[in-house]
Protein chains: 2
Amino acid sequence: MAYELYYWDGIQGRGEFVRLALEEAGADYIDVVRDQRRGTGAMVEIMESDSKPHIPFAPPFLKDGDLIIPHVANILFYLGPKLGLAPEDEGLRHVANGLQLTITDFVAEAHDTHHPIDLSLYYEDQKPEAKARSAAFIRDRIPKFLGYFERVLQQNPKGSNHMVGGALTYVDLSLFQVIAGLRYAFPKAMAKREAEYPGLVALHDAVAQRPNIARYLASPRRLAFNEQGIFRHYPELDSAE
Amino acid sequence: MAYELYYWDGIQGRGEFVRLALEEAGADYIDVVRDQRRGTGAMVEIMESDSKPHIPFAPPFLKDGDLIIPHVANILFYLGPKLGLAPEDEGLRHVANGLQLTITDFVAEAHDTHHPIDLSLYYEDQKPEAKARSAAFIRDRIPKFLGYFERVLQQNPKGSNHMVGGALTYVDLSLFQVIAGLRYAFPKAMAKREAEYPGLVALHDAVAQRPNIARYLASPRRLAFNEQGIFRHYPELDSAE
């Protein structure tokens with residue numbers, strides 16, 4: 001039975017981390033909300049159910065038969081072994097999950113650059129605060145997170161082509177997406193800084209060239225980054241400082 | 001061999017979610033940083049190693065032999081089955097992990113009420129923004145998250161004494177901590193609102209009365225909430241609006 005992925009239509013967003021894993025593995029899946037016969041209503045119906053057990057708080061969530069699994073890192077922890085995208089070793093699976101959760105935190109901070117005060121307001125209603133938060137993000141947080149991931153990559157005892165273990169995992173795919181998203185949102189900051197992270201840039205490029213990923217990126221299933229997603233390009237928030 | 005928990009001394013913080021599980025289970029563990037012979041240096045040495053594999057980004061992390069496991073939800077996913085605090089069923093373990101990750105997100109938002117702009121600055125340097133973010137947190141986010149957890153509790157097919165399955169899990173312990181923390185940080189908001197979440201309040205009380213938890217809470221190992229932790233009481237941020 002096909003996996004069912006539930007996520008907002010129109011953006012890459014957090015759903016993209018799951019899509020990349022499903023696409024790399026060539027898995028059979030349905031992107032439910034984008035399926036015109038079902039749409040957003042099918043997703044909201046599950047989330048708003050006042051009788052079903054274990055309803056999710058927010059998308060993305062995965063449905064595998066009757067089981068509903070929310071949160072990107074949780075979905076990838078579940079899917080990883082089934083898709084051949086997780087380490088064999090149980091301990092290393094928790095290492096991979098720890099890395100994915102650090103990516104989760106970083107992605108949440110990238111989101112908060114344009115929404116530092118109030119999720120229910122537009123970016124335009126919190127612009128000065130967004131500018132202050134973005135400055136701190138570019139100055140402190142990008143170097144802290146990317147510097148960390150670069151060190152983990154370089155200190156991987158199985159070689160620096162992968163974040164954990166000696167083969168591709170979903171963590172590598174997610175870091176491709178992080179680099180791509182940062183380049184879109186903060187092109188000036190990244191142009192100035194990314195040479196400090198040669199391992200991550202090489203990892204990004206290697207992932208982009210994998211046949212299934214390259215095919216996916218060239219397909220209409222890969223939406224473009226835009227200003228409704230997590231990574232948004234507002235030129236006034238970017239800086240080469 | 002005893003588990004080693006690594007977390008900042010002086011605050012409950014994110015480490016507390018792990019401590020509650022270890023204490024409930026009566027597990028043998030060392031709170032490494034609080035151990036005077038080892039202190040913060042032992043933690044920083046692991047985080048800053050430029051040779052060790054799989055270094056953690058931030059505390060808390062757990063050391064079990066050679067394995068280092070970072071992130072609260074990851075630690076609890078790992079420890080849960082070993083401590084008898086996770087569901088037996090594999091699918092339900094991912095349900096528990098999904099709930100724990102929703103708690104993680106909520107806790108991060110509670111933290112950002114006093115640090116909406118810049119983690120490297122003091123609260124006092126971002127007070128007007130903290131007030132705006134706290135207002136949105138109290139108005140929108142507390143009801144959204146607690147309303148969600150209450151629904152999950154009430155819709156648990158195994159009964160509304162537990163969040164998932166028919167027995168105590170680490171998710172229940174974490175929700176105890178969330179309610180306690182919100183009451184500390186936002187007493188006016190909670191006094192006005194918490195009757196809307198009778199199941200969560202009952203769960204909080206039931207956890208507090210468990211013998212091992214009650215003993216822990218009365219011990220010097222349970223630090224008081226304070227204004228260096230996640231949940232901080234700044235009266236100017238609280239409101240019964």
Side-chain angles (χ1 to χ4, degrees), chain A residues 49-58 61 64-75 77-78 90-92 94-95 97-102 104-106 108-109 112 116-121 126 129 132-133 135-137 139-141 144-145 148-149 151-152 154-158 164, chain B residues 49-58 61 64-75 77-78 90-92 94-95 97-102 104-106 108-109 112 116-121 126 129 132-133 135-137 139-141 144-145 148-149 151-152 154-158 164:
Chain A
S49 164
D50 56 10
S51 60
K52 283 216 166 62
H54 319 314
I55 47 173
F57 180 76
F61 55 91
D64 184 11
D66 283 339
L67 186 61
I68 294 176
I69 300 177
H71 285 277
V72 169
N74 194 28
I75 296 169
F77 203 167
Y78 176 80
E90 192 65 30
L92 286 186
H94 283 278
V95 169
N97 189 42
L99 290 166
Q100 191 67 38
L101 288 168
T102 304
T104 301
D105 287 347
F106 191 26
E109 292 195 23
D112 284 358
I117 299 296
D118 193 330
L119 290 170
S120 70
L121 295 179
Q126 46 198 311
E129 297 89 346
R133 176 124 189 182
F137 183 74
R139 185 190 67 232
D140 296 335
R141 305 303 284 172
K144 188 168 164 81
F145 278 98
Y148 166 75
F149 290 126
R151 284 169 63 217
V152 171
Q154 301 298 347
Q155 293 169 211
N156 181 357
K158 297 293 173 107
V164 51
Chain B
S49 163
D50 55 11
S51 60
K52 283 216 167 61
H54 319 312
I55 48 173
F57 180 76
F61 55 91
D64 183 11
D66 283 338
L67 186 62
I68 294 176
I69 300 177
H71 285 277
V72 169
N74 194 28
I75 296 169
F77 202 167
Y78 176 81
E90 192 64 29
L92 285 185
H94 283 279
V95 169
N97 189 41
L99 290 166
Q100 191 66 40
L101 288 169
T102 303
T104 301
D105 287 347
F106 191 26
E109 292 195 22
D112 284 359
I117 300 296
D118 193 329
L119 290 171
S120 70
L121 296 179
Q126 46 198 310
E129 297 89 345
R133 177 125 188 181
F137 183 74
R139 184 190 65 232
D140 297 334
R141 306 303 284 172
K144 188 167 163 81
F145 278 97
Y148 166 75
F149 291 126
R151 283 169 62 217
V152 170
Q154 300 299 348
Q155 293 170 210
N156 180 358
K158 297 291 173 111
V164 51

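Below, chains carry the letters A, B, ... as their sequence lines are ordered, and counting in each starts from 1. Note: hydrogens, waters and symmetry copies are ignored here, and every other heavy atom, side chains too, is used.
Within the 4.5 angstrom heavy-atom criterion, no atom of B/Glu90 approaches chain A. For A/Phe137, no part lies near chain B; criterion is any non-hydrogen pair under 4.5 Å. For B/Ser51, the part lying near chain A is the backbone, with the side chain staying farther off; criterion is any non-hydrogen pair under 4.5 Å. Neither the backbone nor the side chain of A/Gln154 has a heavy atom closer than 4.5 Å to any heavy atom of chain B. Of the atoms belonging to A/Tyr148, it is side-chain heavy atoms, and not backbone ones, that fall under 4.5 Å from chain B. In this structure, no portion of B/Asp66 lies under 4.5 Å from any heavy atom of chain A. With a threshold of 4.5 angstrom between heavy atoms, B/Phe61 does not approach chain A through any atom at all. Contacts between B/Lys144 and chain A at a heavy-atom distance below 4.5 Å involve backbone atoms as well as side-chain atoms. Of the two parts of B/Ile55, the backbone and the side chain both hold a non-hydrogen atom closer than 4.5 Å to a non-hydrogen atom of chain A. With a 4.5 angstrom heavy-atom cutoff, A/Leu101 touches chain B via backbone and side-chain atoms both.
Considering A/Asp105, A/Asn97, A/Leu99 as possible partners of B/His71, the one that fulfils the side chain to side chain contact (heavy atoms under 4.5 Å, CB included) test is A/Asp105.
The two residues B/Ile68 and A/Val95 make their nearest non-hydrogen contact at O-CG2, 4.3 Å. Between B/Lys52 and A/Gln155, the shortest heavy-atom contact is O-NE2, 2.7 Å.
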_What verdict does the side chain to side chain contact (heavy atoms under 4.5 Å, CB included) test give for B/Asp118 and A/Arg139, after you've listed the backbone C-alpha separation in whole Å, the side-chain angles of each residue and the deciding distance to 0.1 Å?_
CA-CA 10 Å; B/Asp118 193 329; A/Arg139 185 190 67 232; 2.9 Å; yes
_Could you go through A/Phe57 and B/Phe149, starting from their C-alpha distance and side-chain angles, then the distance that decides it, and tell me whether this counts as ring pair (Phe, Tyr, Trp, His ring centres under 6.0 Å)?_
CA-CA 9 Å; A/Phe57 180 76; B/Phe149 291 126; 7.1 Å; no
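Between A/Asp140 and B/Leu119, the closest side-chain pair of non-hydrogen atoms is not below 4.5 Å.
In terms of heavy-atom pairs under 4.5 Å with chain A, the best-connected choice from B/Pro116, B/Ala58, B/Pro157 is B/Pro116. Here B/Arg151 is the residue among B/Arg151, B/Lys158, B/Glu129 with the most heavy-atom pairs under 4.5 Å with chain A. Considering only heavy-atom pairs separated by less than 4.5 Å from chain A, the leading option among B/Asp50, B/Ile75, B/Ile69, B/Asp64 is B/Asp50.
We find the NE2-NE2 distance between A/His54 and B/His94 to be 13.5 Å, quoted to the nearest 0.5 Å. With rounding to the nearest 0.5 Å, the separation of CD1 in B/Ile117 from CD1 in A/Ile117 is 4.5 Å. Between the CG atom of B/Asn74 and the OG1 atom of A/Thr102 there is a distance of 9.0 Å, given to the nearest 0.5 Å.
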